[in-house]
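Presented below is the structure to which this report refers.
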Amino acid sequence: MPNRSFSNKPVLLIVEDQVSDLKLLSAAVQDLAEVFFAKAGREALDIARQCRPDVVLLDIEMPGLSGFEVCRMLKADPELLHAAVIFVSAHTKTSNELLALECGGVDFIKKPLNVPVTRARIKAHIALRNEAKRLANHDALTGLPNRILLQDRTEQALKKARRSNGRVAMLLLDLDNFKVINDSMGHSIGDLVLQEVASRLSHSLPLQGTVSRQGGDEFIFLLPDVLGFDAIGDFAERVLATISTPFFIQGNRYNIFASIGISIFPEDSGDIESLYRYADAAMYQAKVLGRNRYYFFSDSIETSMRARHLLDHGMRSALEDGIFNVYYQAKVDAKNNQVVGLEALVRWCNNEGVFISPSEFIPLAEETGLIVSIGRYVLLQACKDAKMLHDLGYEIPVSVNISVVQFRDEHFLGMVESALKETRLEGRFLEMEITEGVLARDIDNAREKLMNLKFLGVGVSIDDFGTGYSSLAYLKRFPIDVLKIDKSFVRDMLVDKCDSAIIDAIIKLAEALELKLVAEGVETKEQSDALLKKGCQVMQGYLYCHPIPITQMCSFLASRVEFDAVSIENLP
Ligand code: C2E
Ligand code: CA
Ligand code: CA
């Protein structure tokens, strides 16, 4: 049975050993509350501990414990003492009635039952109990849940999070300059400010959350089921913005700010007390750092959030300032030493001149959606460079990496189309490198997009093949041209039999499905020879060419033409 202490529907427990009376009572109240039954005292106490009744209808004469004894025991239990006990009995002597009230009963209903009157009296007690509960669990000034209700909700949220490996955030908010307003403008204005703050906070609350007033100008948000730290940070930022919007009270304008400290289950702690303490410490830190800000308790979370923030900020300005570069790596047919394609790889050197690897910033750009703009920039640049190479006489296709987020973007196809149009590049000289994950979800949509790419003449490669999605069925359903054998298999193929066997399998698969093959990360002549022997001809890797800027790529291609010309001339 779930813990029902703060459920909305009132809970009523009928304790009665006479079946006929039980039937009458339950018919009288069944639409007023959620009803539980017990036929004897011990059973009643057990059920009450689980269902936490608001009202108990208690017979006096029962097998085992008497109604009086049950009532005393209920009143001695801190979890149950708030239940309103109504005695229902045929023992109508005055002394019984007095004893019932002395034991803690609130009313006495006589048998035989007058059903409409019984119902009306129970209804009145339920209403009283509801009001008492509301007063006990809510703050009188703002109407928000108070610390008692918050404590209960936090316990529930932690219990649930433990079961489902979830995450719960506690955000403690304290107004920065409330004392000044309260002291200078008087408490009645202070109260109006607190009411307005409470109303703004409730409006910013997600469906699942609770916002409570702890007292003074301190409020706590409880957010169950939160996913990432980013989402929590975003929420805190929104709350700060809500509070810092000027207040107009009785014709005067007030600028109010707040500081927020955040603690997280399970990262920071597993118990309520320390979550509260940590959120408080973090809030204090936010004040020290200059107020009107939020702060995560955990150092590591704080540090990583800060780093991500900086990275995100850096990426946005790099994009605006056109600082991203596109480098190219050649794909070489090892049999005749011809460059058969190029892969475009984005490069970013930040303001301090430090090179930042795409593996570091692309995942964040995917999370924030910035990858769509970065991807558009790379695609356009790659199309321009491919066209320029054509004009120089190198008719080789260029491939571009497409992230899942970019692929799913509704403007993706339009973007590809306009890049081709703008650069006057034929579709057949463009290739998209996508990972298996892109195809695994949303199959129909992915298929349609790929068909449209085909229609434009654009090729499709499966990047990092063998590392992602395990089903191979998609290979025959999608219009795919190339499988790129992931570099992790190539790296260890000479020392690890499994990797070698996986490469054999991929090559067989490509042959059977008539797909082209590219081996990635080829660094040594031995790897290249082994791949050739297995039947994979096209290689990409440091052995042949590092990723280089387009100008260098032009020289690289030119030198190879000369090299080819020289080698052909030297043929016997
Ligand atoms: P990827 O698509 O698998 O790209 C190949 C990566 O392997 C590149 O790393 C390349 O520099 C590296 N590489 C090439 N030859 C060798 C070799 O012989 N040995 C080794 N160990 N590595 C080699 P890079 O440029 O750091 O890119 C990393 C990943 O970032 C890429 O993996 C790709 O997933 C992503 N990425 C790069 N540029 C873009 C882009 O413009 N858009 C998107 N969405 N992702 C990109
Ligand atoms: Ca790639
Ligand atoms: Ca790859």
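For ligands, and for the atoms within them, numbers begin at 1 and follow the listed sequence. Just so you know, these numbers use all the heavy atoms, side chains as well, and skip hydrogens, waters and symmetry mates.
- Remark: atom 11 (O) of ligand 1 lies closer than 4.0 Å to at least one protein heavy atom.
- Atoms of ligand 1 lying under 4.0 Å from at least one heavy atom of Glu520, given by number and element, are 3 (O).
- Vertex the Ca ion (ligand 2), arms ending at OE1 of Glu433 and OE2 of Glu343: the angle is 90° after rounding to 10 degrees.
- Of all heavy-atom pairs spanning Cys536 and Val518, the tightest one is SG-C, 4.3 Å.
- Asp464 contributes OD1 and Asp463 contributes OD1; the angle these two atoms make at the Ca ion (ligand 3) is 90°, rounded to 10°.
- The single protein non-hydrogen atom nearest to atom 24 (P) of ligand 1 is Pro358 CG, 3.8 Å, given as residue, atom name and distance.
- Shortest contact from atom 39 (C) of ligand 1 to any protein heavy atom: Val346 CG1, 3.7 Å.
- When only non-hydrogen protein atoms are considered, atom 1 (P) of ligand 1 lies nearest to Asp463 OD2, 4.0 Å.
- Looking from atom 16 (C) of ligand 1 to the surrounding protein, the closest heavy atom is Tyr542 CE2, 3.2 Å.
- A salt bridge links Arg316 with Asp312: at least one charged nitrogen is closer than 4.0 Å to a carboxylate oxygen.
- Counting only heavy atoms of the protein, atom 19 (N) of ligand 1 lies nearest to Glu523 OE2, 2.5 Å.
- Judged by the 6.0 Å and 45° rule, Lys449 forms a cation-pi pair with Phe407.
- At least one heavy atom of Arg347 sits under 4.0 Å from some atom of ligand 1.
- A donor atom on one side chain and an acceptor atom on the other are found under 3.5 Å apart for Glu433 and Ser399.
- Atom 32 (O) of ligand 1 lies below 4.0 Å from none of the non-hydrogen atoms of the protein.
- Ranking protein heavy atoms by distance to atom 5 (C) of ligand 1, first place goes to Lys487 NZ, 3.8 Å.
- Under the 4.0 Å distance rule, the nearest protein heavy atom to atom 22 (N) of ligand 1 falls inside the cut-off.
- Asn401 O, 3.4 Å is the protein heavy atom nearest to atom 42 (N) of ligand 1.
- At a threshold of 3.0 Å, the Ca ion (ligand 3) has no backbone or side-chain N, O or S atom of Asp486 nearer than that distance.
- Among protein heavy atoms, the minimum distance from atom 3 (O) of ligand 1 is reached at Asp464 OD1, 3.3 Å.
- Each of the following atoms of ligand 1 lies closer than 4.0 Å to a heavy atom of Ser403: 44 (N).
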